2 protein chains.
Amino acid sequence: MAKPPKENSPITEHLTYLLAHANREINRQLETRLAKEGVPVEQWRILKVLSDGNGHSMGELADAVLLNHPTLTKMIDRMVSDALVYRVQDPKDRRKVLMFVSDRGKALCRRLNSLAVSQEEHIVESYGDKSTTELKRLLESLIGSAN
Amino acid sequence: MAKPPKENSPITEHLTYLLAHANREINRQLETRLAKEGVPVEQWRILKVLSDGNGHSMGELADAVLLNHPTLTKMIDRMVSDALVYRVQDPKDRRKVLMFVSDRGKALCRRLNSLAVSQEEHIVESYGDKSTTELKRLLESLIGSAN
DNA sequence: CTTCAATTGTTGAATATTCAATATTTTCCC
DNA sequence: GGGAAAATATTGAATATTCAACAATTGAAG
């Protein structure tokens, strides 16, 4: 396994497939945990990014949380309805909208962080500390080289 | 980088995020290439799995190509319309439907395979042979340990 | 300074996905 | 064997995502 794929290699030897497969598994695990709070994974990402307290424009945020712009807009609409985040027009550039977390959003984010950290600890237990660290290093590097 | 995340660690230190990010990048690259043939990545996966010529049930196929059952059913509907695949009721177990590739599907699959292999070669060029092999090994192992 | 292009975010229509419910067939077990 | 439970695939309604078009603001060129 893990050889360079030829035209007739099984799909399981393709990097793109292995990434999709691993991502699906891990994402599902997390999804299951976060369901306790009734929140999709993307909303955890949004809350976490906004947790630095600085305002983030929709564009920045979309990049950071791996969502397309219109998808993010609509997800933010729901989160505003739930009073987790709020919009402020950027005074420096009135095309932009700056997003902030509410107190309610912060409290939720803390609970979600705890669930997420616990998941990763669980992964490390069965998968190993060394492997996890190395995998993360390689993924960062791949992301960097793909840009 | 690549340390065990604490509750207040940035999201970029979470394995789940790194996987989602890397997957998104690589999947987009492939998507762009396959667009030449006007086919989504999932259809390439389906054609490739069916390329062994054996009939695969919808359940098997859904697992293999990382799609939920109803999503697969509807995607297969489209592919049947495009005469890429066809359904045959399993004579051994009439609950099951066995999927097969048509000649047209096979021809398309060959062209898609070529595009996909070329993408992976391109990745290996900029990312390195060693890293790619090691990353694939680790992903396989993670998938195995997650199950 | 004025006009045209680029940037930013949102919207509406088209498309795709998901959840729950259904139909069909098989398996289990008494 | 007969009836309940499990397995398989599909459907329809509800939901979410995407694509293209739009509106608003800023930047840039003449």
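The sequence lines fix the lettering, A, B, ..., with proteins before strands; numbering per chain opens at 1. Keep in mind that this is a model prediction, so the values were computed, not measured.
- Remark: the backbone N or O of A83(B) is paired with a side-chain donor or acceptor of S102(B) at under 3.5 angstrom.
- Placement of M75(A) and L66(A) within a single hydrophobic cluster is found when ILVMFWY residues are connected by side-chain heavy-atom separations under 4.5 Å, directly or transitively.
- For the side chain to side chain contact (heavy atoms under 4.5 Å, CB included) criterion with I143(B), the lone passing option out of T12(A), L18(A), I26(A) is L18(A).
- As rounded to whole Å, 14 Å separates atom C1' of dT18(D) from atom CD of E42(B).
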Practice prompt. Show your reasoning for whether side-chain contact (heavy atoms from CB on, under 4.5 Å) applies to H14(B) and W44(A).
Written response: CA-CA 12 Å; H14(B) 280 264; W44(A) 169 59; 3.8 Å; yes
Worksheet item: side-chain contact (heavy atoms from CB on, under 4.5 Å) between R110(A) and K106(A): does it pass, once the steps are laid out?
Response: CA-CA 6 Å; R110(A) 277 191 291 274; K106(A) 283 178 199 152; 4.1 Å; yes
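- Between the CD atom of Q43(B) and the P atom of dT15(C) there is a distance of 15 Å, rounded to whole Å.
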Could you list all N or O pairs between the protein and nucleotides 24-28 of chain D that sit under 3.5 Å apart?
{"unit_1": "dT26(D)", "atom_1": "OP1", "unit_2": "R94(A)", "atom_2": "N", "d": "3.1"}

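- Considering only side-chain N and O atoms, R87(B) lies nowhere under 4.0 angstrom from the phosphate OP1 or OP2 of dA9(D).
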Discussion item. The test is side-chain contact (heavy atoms from CB on, under 4.5 Å); show your working for Q119(A) and T32(A) and say whether it passes.
Written reply: CA-CA 10 Å; Q119(A) 182 218 14; T32(A) 301; over 6 Å; no
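- For residues 45-82 of chain B, proximity to DNA chain C is found at N68(B), P70(B), T71(B), K74(B), R78(B), defined as any non-hydrogen atom under 4.0 angstrom from a strand atom.
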Practice prompt. Evaluate the criterion side-chain contact (heavy atoms from CB on, under 4.5 Å) for residue pair H122(A) and R33(A); output intermediate values, then yes/no.
Written response: CA-CA 12 Å; H122(A) 178 261; R33(A) 294 197 176 229; 3.8 Å; yes
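- Under the 4.5 Å side-chain heavy-atom criterion for grouping Ile, Leu, Val, Met, Phe, Trp and Tyr, I46(A) is connected to L115(A) within one hydrophobic cluster.
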